[in-house]
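Heads up, the thing below is written out as structure tokens.
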Number of protein chains: 4
Amino acid sequence: MQVALNLFAKQGYTNSSIAQIAKEAKISKGLIYNYFESKDALIKEILIGGFDQFVVFFEHNKDGVFGNDEFDYFVKETFTLMKKNEDFWRIYLSLAFQPNIIKLIEKELMEALMPILSILDNYYAERKHPSPQVKTRLFLAVLDGVGLHYLSDPDNFPLDEVVKMVVKIFKE
Amino acid sequence: MQVALNLFAKQGYTNSSIAQIAKEAKISKGLIYNYFESKDALIKEILIGGFDQFVVFFEHNKDGVFGNDEFDYFVKETFTLMKKNEDFWRIYLSLAFQPNIIKLIEKELMEALMPILSILDNYYAERKHPSPQVKTRLFLAVLDGVGLHYLSDPDNFPLDEVVKMVVKIFKE
Amino acid sequence: MQVALNLFAKQGYTNSSIAQIAKEAKISKGLIYNYFESKDALIKEILIGGFDQFVVFFEHNKDGVFGNDEFDYFVKETFTLMKKNEDFWRIYLSLAFQPNIIKLIEKELMEALMPILSILDNYYAERKHPSPQVKTRLFLAVLDGVGLHYLSDPDNFPLDEVVKMVVKIFKE
Amino acid sequence: MQVALNLFAKQGYTNSSIAQIAKEAKISKGLIYNYFESKDALIKEILIGGFDQFVVFFEHNKDGVFGNDEFDYFVKETFTLMKKNEDFWRIYLSLAFQPNIIKLIEKELMEALMPILSILDNYYAERKHPSPQVKTRLFLAVLDGVGLHYLSDPDNFPLDEVVKMVVKIFKE
DNA sequence: AATGAATGAGGTTTCATTCAT
DNA sequence: TATGAATGAAACCTCATTCAT
């Protein structure tokens, strides 16, 4: 899975063959099929595994208060996680428009996203924002946008400063 | 090209075959190769064509003033164009992490992006923003992020309201 | 035809496409088919044209005497002609084992070869050679062998000296 | 490989398709690519294998004496081997003018040829031949020429008698 | 747990040839 | 005389997948 993650991130899912994965992992093609039913099942496990890391972190905060400090922490932690799992995020974003793959993880994706969505809605509602749901949508879009630009060009994108600016702008 | 644009947007570049394009366009596979040297050359022309539309619109404003009104107009026009060319943008975003394809259009992409970048840098600098370049970077990421979310789910994403909010937040 | 001759010699018959010939000749593919029924018809005309040059030279000597001086002249002229028409000979030798092509020119080839064969048979018979027909066969093989080696590596093969040696050895 | 050898000899390399080879060998096209990276790699292995047979025979005699008897034996063995491997030699001669293929085996060809060349040079030098290197070149050309004519028409070419004549003429 | 031989469908590309103009 | 749009068959090659061992 580690090798597959790497290859998928570097070359894209469709462009990476089972043969190549087996070769780089120094195992046989057949062995892969002992553990994964298909190539799709492989990417599915990779993606779900990636989301889990994210979800786990969030469940930490599930029933507690989500105030200014938590907002702060949330944004920063998001990008810390992204930096730690660059490959996963690259894959995820590159598959955003591949309906056949997205369908595979739709359920898990929703389950991961919904709580975040409602927590943020609440957050902005509590702060009397005129249209909290729109702001939440924009905010999530911003996170992906920043991720997209960072992952496209990690060496030049000023991630830390941008993140600080995001916090400042969207905290309230 | 129209058929290809459609298919690439719907299924992704790698998942769409020349055979399928030919079939939908009701021509022979061979004919495609009379006009495009390869599948890569085809996507290249599609991408460059798409950027051109964007660039043309921008050159309009090249040497003139870029003030508050123009900023307004720029954001709105960006998403008007995106709505008109949804397929193109879907392709573009889905290829953001396919280095072999990006390389094909690197030059054109840079040529399209650089002037926008410097105009925005100036814009924020004139308004005494403490770090105009970081803000420009964030702003461009936001545009892509909003685009990504809109294109992922055009029916539910509240594009117009989000755009208004973007203008309000990033105008200054 | 000139362009085709060149390409066939350089890349081989099967490896050279009508499209490429047309391109190098700066005409359209269609035009080629106005003058030649097929690719096979094209190579056929090229080959026959090449043999004709050879035959013409031989008819010169047809009914006359073929003595020591003529033998001398024959060998030298053979290689002079080969040097002048390197491309043609390269094609001819490269097709020696392509039965489908050889069949196209079998008749012409025989017509060109038979008189030479009988003249040489006579030549050796007159000189009381024990097995003139075997010697003729060997001699013709030698001519082709020398041609093969020369055309394979024109810059390093010492053609002139080899030819002199051939004359000395096979004159009698 | 056996099937490929056969087809290449009968129809030429370019005219024989992987599909046809697979069909005659009663295996799938794909399987061929499990063992050979490409069609070129296939012909390369075939050619190298063919030369090896020749080289092996020669290494036998490498450091020993190469006198009149060995010369005799060499010529006769050459054509014995050729008769046993007609297909290989047909392929080899038919590719003599296909530069892209020759390049694949250039190294191996040189390694096979060089020792023969120097042994023959020595042979003629020891016999005080005025220009031993030219004679060697001619002699090798003769071998190929005889092979060419024999393989072009095995049923009618008087190989044994021609070989005897070659030995007699070139022994000294 | 692990291999690698084997396949069949389908991918991109090439190409001789036709034909309306 | 000349073009170039168009085709269909076939070329080389890739790949997910299966299966006997």
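Here is how names work: the chains are called A, B, and so on, in the same order as the sequence lines, proteins then strands, and each is numbered from 1.
In DNA chain E, the stems built from three or more successive Watson-Crick or G-U pairs (distances below 3.5 Å) are E:2-21 with F:2-21.
The phosphate of F/dT14 (OP1 or OP2) has no side-chain N or O of D/Tyr33 nearer than 4.0 angstrom. Using a 4.0 Å cut-off, some side-chain N or O of A/Tyr35 falls inside it from OP1 or OP2 of E/dA1.
Looking only at side-chain heavy atoms (C-beta outward), B/Tyr92 and B/Phe51 come within less than 4.5 Å of each other. Here the side chains of C/Leu5 and C/Asn85 are not in contact, with every heavy-atom distance at 4.5 Å or above. Considering only heavy atoms from C-beta on, D/Lys84 stays 4.5 Å or farther from D/Gln53 through its side chain.
A cation-pi geometry, defined here as NZ or CZ lying under 6.0 Å from the six-membered ring centre and within 45° of its normal, holds between C/Lys39 and C/Tyr13.
Taking for each of D/Gly30 and C/Gly30 the nucleotide of DNA chain E with the nearest heavy atom, the 5'-most of the two is the partner of D/Gly30. Each of A/Tyr13 and D/Asn15 lies near DNA chain F, and the nucleotide nearest D/Asn15 is the one positioned closer to the 5' end. Both D/Gln20 and A/Ala19 lie near DNA chain F, and the one whose nearest nucleotide falls closer to the 5' end is D/Gln20.
Residue side chain B/Asn34 reaches the base of F/dA6 through a donor-acceptor N/O pair under 3.5 Å, judged by distance alone.
Rounded to whole Å, atom C1' of F/dT3 lies 16 Å from atom CD1 of C/Ile18. What separates NZ of A/Lys29 from P of F/dC15 is a distance of 10 Å, to the nearest Å.
Nucleic acid contact for B/Ser16: sugar-phosphate only, since backbone atoms but no base atoms lie under 4.0 Å from a heavy atom of the residue.
Taking CD1 of B/Ile43 as the reference point, atom CZ of B/Phe36 lies at 10.5 Å (rounded to 0.5 Å). Remark: C/Lys83 NZ to C/Leu151 CG distance equals 11.0 Å, nearest 0.5 Å.
Contacts between residues 36-50 of chain D and DNA chain F, defined by a heavy-atom separation under 4.0 Å, are made by D/Ser38, D/Lys39.
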